[in-house]
Number of protein chains: 2
Amino acid sequence: MRFTIEQLTTFCVEACLEAGMTRAHSQITAEALVLTDSWGVHTHGTKNLRGYIRRIRAGGIRKEAQPLVAREGPAWALVDGDGAIGTVASHFAVNRAVQKAKASGIGFVGLKNSCHFGAAGVYACQAADQGLIGVAMSNDRPTVAVPGSRGSVLGSNPLAYAIPFQDHAHILLDIATSTVAGGKVFLAAARNEAIPEGWVIDENGKATTDPKLFPSHAALTPMAGHKGYGIAFLIETLSAIVTGASIGQHVVSWSFDDPSLPTNHGASFIAIDIGCLMEPDLFQARLRATAEEIRSAPRVPGVERIYLPGEKEWEHRQNVLQNGVDLPIESVISLQRLAEESKISLVSAD
Amino acid sequence: MRFTIEQLTTFCVEACLEAGMTRAHSQITAEALVLTDSWGVHTHGTKNLRGYIRRIRAGGIRKEAQPLVAREGPAWALVDGDGAIGTVASHFAVNRAVQKAKASGIGFVGLKNSCHFGAAGVYACQAADQGLIGVAMSNDRPTVAVPGSRGSVLGSNPLAYAIPFQDHAHILLDIATSTVAGGKVFLAAARNEAIPEGWVIDENGKATTDPKLFPSHAALTPMAGHKGYGIAFLIETLSAIVTGASIGQHVVSWSFDDPSLPTNHGASFIAIDIGCLMEPDLFQARLRATAEEIRSAPRVPGVERIYLPGEKEWEHRQNVLQNGVDLPIESVISLQRLAEESKISLVSAD
């Protein structure tokens, strides 16, 4: 089913308002989720709003939350998300990181008492939209094995960055530190498809192609083995160990666990003011030269283009802005159920 | 051949002094390379000193260099390495990052006019030794393909971090953003061994197990495909695009190219003062609890232990401190040649 950006945004705003969120918080949430869908990342887009609102109704996410700065210094802050929806708590934290970076060159903001924040790339782009390099990361309920374990030990702890690039959209990377994000396994399970070997291991630590074993009886594998494990450990440290958020098994699942419980996810955000180190026009010229060198590299036979990080997502969005977003069936069903539960209408472009 | 830490350090200091470096710079360099060997990372240890000194003698590395702060602000600095050996330029830059972090909570330092800095983990640990979380990264001469390319486009751009952990050694990760570091391929070539499929691609973009094709006729693959490519791009940006160091193909190879030329590698370093966000004892307790949770996770049958990031390297070092370091033949030959060229004696424990 196809929606214009406006239709999808309006629906999400109305659903958030109906759940009792302020208009400002509803707008932030709708824009984050629709931006994600517009990149083609439907596992982290509007599909998840129903789950967030279920937690709002049950009390696990506080609709009246007002994130606040718990402690701060010249280039850092610790933000207490006040149990807000992850989009709102993270948006607040990124704004503070940007302020710190503008004042001091770099800003580091840790966030506690948040929830699942969706796509990390949204928050990296929030900083890049203001001309800064943005980095975003979060911990999550464990779904990923570590080298030698046969069960989940750490979350798929996502990492994203965005670099403002004048001529084009931001250079953008948004990855799980597992081989693939859990959402891709859920999607395969919903579609009764097998998954490639290497994505998950079963309870005995053996590779399996059955997505339905996940997450109760299987774990995701870490990206590039010990490398992904190590990066996930750093993300756990910066997002949770040092912020006071819940760690590892103590994070409550935003989608599976009792929705009346706060999940207490942690996150952290870094913003870097490019202009401190280099005159911005010169930086852009050097970035452009680098991009051209990469794009013009000799290609493997049959490959038509070499893409910059994020370029595919931005081209997807360009198409969406012109033609609307064609949501997969899982997203449509979730939105339809949310519409029924919220007694609001879901208007599509079809 | 086996050496005590002291024997190896003394030899390296003497070789650096003989090449005209100051005693302070010689000591910094020796300690960095010997620390690396003590972790068992011989591809980045004392084996490379001969190559660095060859560049010093030819003028590509300036023995009299004095790195300086070119620009700085409350939480950041741009360091001009003045053409110094990478160990010295990086040591200077990390110290500045630590100062900035102690003053402002976080410090970001970019470095230009440097050379190959060896193992990134050395500089991450330099910050962790002072109680801060340290992050280190560098660009390098391209040896790695990007998705779709059939030649080298970016360097193996290493990333390291270290988190101070009271009860144990620092949590430590030090990785190339390629599937494996180039040094492992060179080692296989020197030993006439085949390499596993997936490490490199040949000039047609096809996987090959012949290490001798690298680097002239083969490229390393990026770690986890587009994920490693994306991370390497961020490292290129923070180490070179924004610092003024050479980018991509413009970096001079420290080991293959004319040794009279400056390589102009870039690097960047981040230090984070944990105590800003959380009382250090509480941080340590939370880190300890996380470590215990990971270590006690159910294991794959046949796996005896789950390791924390860096734990194997520190256990290797513990053994080295007691029994000396058993260097592989490639390192021994390199040191023996350096001894001859420098007219100093190489004393071993054997």
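Lettering of chains follows the sequences in order, A, B, ..., and the numbering in each one begins at 1.
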Options Cys276(A), Pro74(A), Gly73(A), ranked by heavy-atom pairs under 4.5 Å with chain B, top entry: Cys276(A)
Leading residue by heavy atom contact count with chain B [cutoff under 4.5 Å; candidates Ala297(A), Ala224(A), Gly230(A), Gly105(A)]: Gly230(A)
Heavy-atom neighbours of Glu197(B) CD exceed 12 at 6.0 Å: no
Between OH on residue Tyr161(B) and CD1 on residue Ile235(A), distance to nearest 0.5 Å: 9.0 Å
Trace of the side-chain contact (heavy atoms from CB on, under 4.5 Å) decision for Ile133(A) with Leu238(B): CA-CA 9 Å; Ile133(A) 294 173; Leu238(B) 297 180; 3.8 Å; yes
Winner by heavy-atom pair count (cut-off under 4.5 Å) against chain B, out of Leu78(A), Ile270(A), Ile247(A), Val303(A): Ile247(A)
Heavy-atom pairs under 4.5 Å with chain B, option from Ala103(A), Gly248(A), Ala75(A) with the top count: Ala75(A)
Residue part contacting chain B, namely of Ala70(A), when any heavy atom lies under 4.5 Å: neither
Contact origin within Pro298(A) toward chain B - heavy atom pairs under 4.5 Å: both
Distance, nearest 0.5 Å, that separates OG of Ser268(B) from CG of Leu277(A): 9.5 Å
Approximate separation, where rounding is to 0.5 Å, of Leu159(B) CG and Ile231(A) CD1: 6.0 Å
Taking every non-hydrogen atom, the tightest pair across Pro301(B) and Arg150(A): CD-CD, 4.3 Å
Euclidean distance, Phe233(B) CZ relative to Leu173(A) CG, rounded to 0.5 Å: 11.0 Å
When Ile175(A), Val153(A), Val242(A) are compared by non-hydrogen pairs under 4.5 Å with chain B, the top option: Val242(A)
Arg299(A) versus chain B, the contacting section by heavy-atom distance below 4.5 Å: both
Gap between atom OG of Ser178(B) and atom NZ of Lys227(A) - 0.5 Å precision: 5.5 Å
N/O donor-acceptor pair under 3.5 Å between Arg286(A) side chain and Ala240(B) backbone: yes
Straight-line distance of Gln249(B) CD to Glu293(A) CD, nearest 0.5 Å: 5.0 Å
Evaluation steps, side-chain contact (heavy atoms from CB on, under 4.5 Å), between Val300(B) and Asn204(A): CA-CA 6 Å; Val300(B) 172; Asn204(A) 297 313; over 6 Å; no
Greatest number of heavy atom pairs closer than 4.5 Å to chain A - which of Ala245(B), Pro142(B), Ala77(B), Gly225(B): Ala245(B)
Heavy-atom side-chain contact between Pro309(B) and Tyr229(A) under 4.5 Å: yes
Contacting moiety of Thr179(A), where chain B heavy atoms sit under 4.5 Å: backbone
Audit row: Asp273(A), Phe108(B), side-chain contact (heavy atoms from CB on, under 4.5 Å) steps and yes/no: CA-CA 10 Å; Asp273(A) 185 0; Phe108(B) 173 73; over 6 Å; no
Residue, of Pro147(B), Gly110(B), Gly244(B), Gly205(B), that accumulates the most heavy atom pairs under 4.5 Å with chain A: Gly244(B)
Most chain B-contacting option - heavy-atom pairs closer than 4.5 Å, from Ile171(A), Ile274(A), Thr243(A): Ile171(A)
Pairs of heavy atoms under 4.5 Å with chain A: top-ranked of Ala289(B), Ala176(B), Gly151(B), Gly310(B): Ala176(B)
